[in-house]
Amino acid sequence: MDHRRQVPRTDRVLADERLRAAAVRLGPALVKQAVITAQQQARDGVIAPGAVADEAVASLPEAAASTRPVINATGVVLHTNLGRASLSAAAVEALTRAAGPTDVEFDLASGQRAQRGRGTLSALRAAVPAGGDVAVVNNGAAALILATTALAAGRDVIISRGEMVEIGDGFRLPELIMSTGARLREVGTTNRTKITDYTDAVGPDTGCILKVHPSNFQVRGFTSSVAVDKLAGLGVPVVVDIGSGLLAPDPLLPDEPDADSTLRAGASLVTASGDKLLGGPQAGLLLGEKSIIERLRRHPLARALRVDKLTLAALEATLVGPLTPTWQALRADPEDLRARAAAIAAAVRDHVEATVVGSDGAVGGGGAPGVSLPGWAIALPEAYAIRLRIGEPAIVGRIERGRCLLDLRCVPADQDQLIIGGILRSV
Ligand SMILES: *Cc1c(COP(=O)(O)O)cnc(C)c1O
């Protein structure tokens with residue numbers, strides 16, 4: 001039989017009620033692509049010519065964007081490849097509300113232009129009173145670029161050789177800083193830097209001292225570094241990149257610096273990420289002396305690093321809203337994780353070899369490398385890892401010693417049923 005002649009024409013298939021509705025929801029291009037693919041399948045004899053519309057409907061994407069939601073069963077709380085922090089429901093609602101026209105830069109009472117993101121900025125100021133003033137840019141790297149450009153372009157940035165960090169994917173902070181036109185003035189050694197190394201380097205050409213939290217590695221043994229309070233008296237601005245975005249000390253992560261303590265110790269400016277331990281959207285936080293923040297705000301580069309209204313909304317809701325999923329995942333109760341893992345293993349054990357094993361989670365996101373988070377996981381045969389990843393919903397576990405581990409630390413309890421369903425469909 002010649003299937004080609006019977007394959008319905010594109011405009012006829014597109015007239016299908018379901019596909020017309022989909023074109024309104026997803027846009028015509030995606031719907032047309034689904035139809036063209038189904039027509040080709042009919043020509044190839046893979047489906048019947050009469051099934052083209054049904055096949056096109058079945059193969060439509062769920063949404064107009066191709067990024068897919070993923071269940072993070074890796075046990076890594078801030079998984080960079082999975083988009084770092086998971087937003088709270090309050091933050092999600094805030095960014096949905098900000099999606100249309102919004103008063104992000106407009107005063108409704110006066111009808112005049114207003115400071116962009118003023119609600120977010122005052123929430124951040126209130127969260128870290130020691131900050132003096134605050135600014136928000138696109139990410140931690142942007143915060144660092146803005147700070148070093150405004151304070152030290154054409155001048156020296158003094159930095160310890162022990163703090164020359166590569167943050168990931170080949171990006172190195174020293175190169176980032178040099179790209180701004182600042183000169184790096186390296187002091188000390190990989191393992192030891194002393195106050196005299198800094199005092200010897202400070203001079204008329206100094207733009208700032210930069211301290212970078214070595215967030216993704218540890219140096220042990222014969223080491224020393226100079227605390228912020230010792231640098232604060234040298235007469236030049238001290239910029240501290242704390243990385244993680246903790247606003248106040250967290251007893252769970254005693255080695256992570258926080259913005260409040262760092263500012264109290266005398267830092268002129270603190271930079272941090274919004275989507276690490278703070279648990280918010282991707283953003284770069286700048287907190288510090290009023291006069292410095294004002295310089296940053298007025299720098300032409302600030303406009304290029306300006307943050308989106310959706311980010312501002314989600315960040316404010318993260319600052320004032322309920323405990324974040326990040327906070328909760330870090331503190332997940334091991335006994336609770338074990339009980340959930342046991343229930344899931346029991347629900348699938350008739351179909352697949354499933355056991356409950358101890359599993360150490362991690363903070364991730366290049367943070368707290370020495371901290372492990374004891375918990376529990378469901379262990380499945382390794383072949384399940386790929387099947388679960390390409391399933392719907394996608395479930396990403398961790399492969400360890402020939403097994404696929406599903407660690408529930410970052411999985412909201414109401415998604416346990418989805419995991420059971422995903423495993424059973426992968427049998
Ligand atoms: C993560 C990190 C950065 C980069 O922040 P982004 O928000 O990813 O741009 C810079 N410095 C330190 C110390 C970090 O940990």
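Note that ligands are numbered from 1 as they come in the structure, with each ligand's atoms numbered from 1 the same way.
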**Request:** Calculate, to the nearest 0.5 Å, the distance between atoms CG and CG belonging to Leu278 and Leu285 respectively.
**Result:**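 Going from the CG atom of Leu278 to the CG atom of Leu285 covers 6.0 Å.
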
**Item:** Salt-bridge present (Asp133, Arg297; N to O < 4.0 Å)
**Value:**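 A salt bridge links Asp133 with Arg297.
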
**Asked** In a check of side chain to side chain contact (heavy atoms under 4.5 Å, CB included) between Leu269 and each of Val239, Leu263, Leu287, which one passes?
**Response** Val239

Are there any protein N or O atoms under 3.5 Å from the N or O atoms of ligand 1? List them with distances, or say none.
from	atom 1	to	atom 2	distance (Å)
ligand 1	5 (O)	Ser273	OG	3.0
ligand 1	7 (O)	Gly140	N	2.8
ligand 1	7 (O)	Ser273	OG	2.7
ligand 1	8 (O)	Arg84	NH1	3.0
ligand 1	8 (O)	Arg84	NH2	2.9
ligand 1	9 (O)	Gly140	N	3.2
ligand 1	9 (O)	Ala141	N	2.8
ligand 1	11 (N)	Asp241	OD1	3.4
ligand 1	11 (N)	Asp241	OD2	2.5
ligand 1	15 (O)	Ser215	OG	2.7
ligand 1	15 (O)	Lys276	NZ	2.7

**Message:** Going by side-chain hydrogen bond (donor to acceptor under 3.5 Å, both in side chains), name the pairs with one or both residues in residues 95-105, residues two or more places apart or in two chains.
**Reply:** Glu105-Arg113, Glu105-Arg116

**Request:** Identify, with sequence neighbours excluded, every residue that meets side-chain contact (heavy atoms from CB on, under 4.5 Å) alongside Thr10.
**Result:** Leu14, Lys32, Val35, Gln39

**Request:** Return the set of residues passing side chain to side chain donor-acceptor pair (under 3.5 Å) with Asn81 (not counting sequence neighbours), or none when no residue passes.
**Result:**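 Side chain to side chain donor-acceptor pair (under 3.5 Å) check on Asn81 returns nothing, list empty.
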
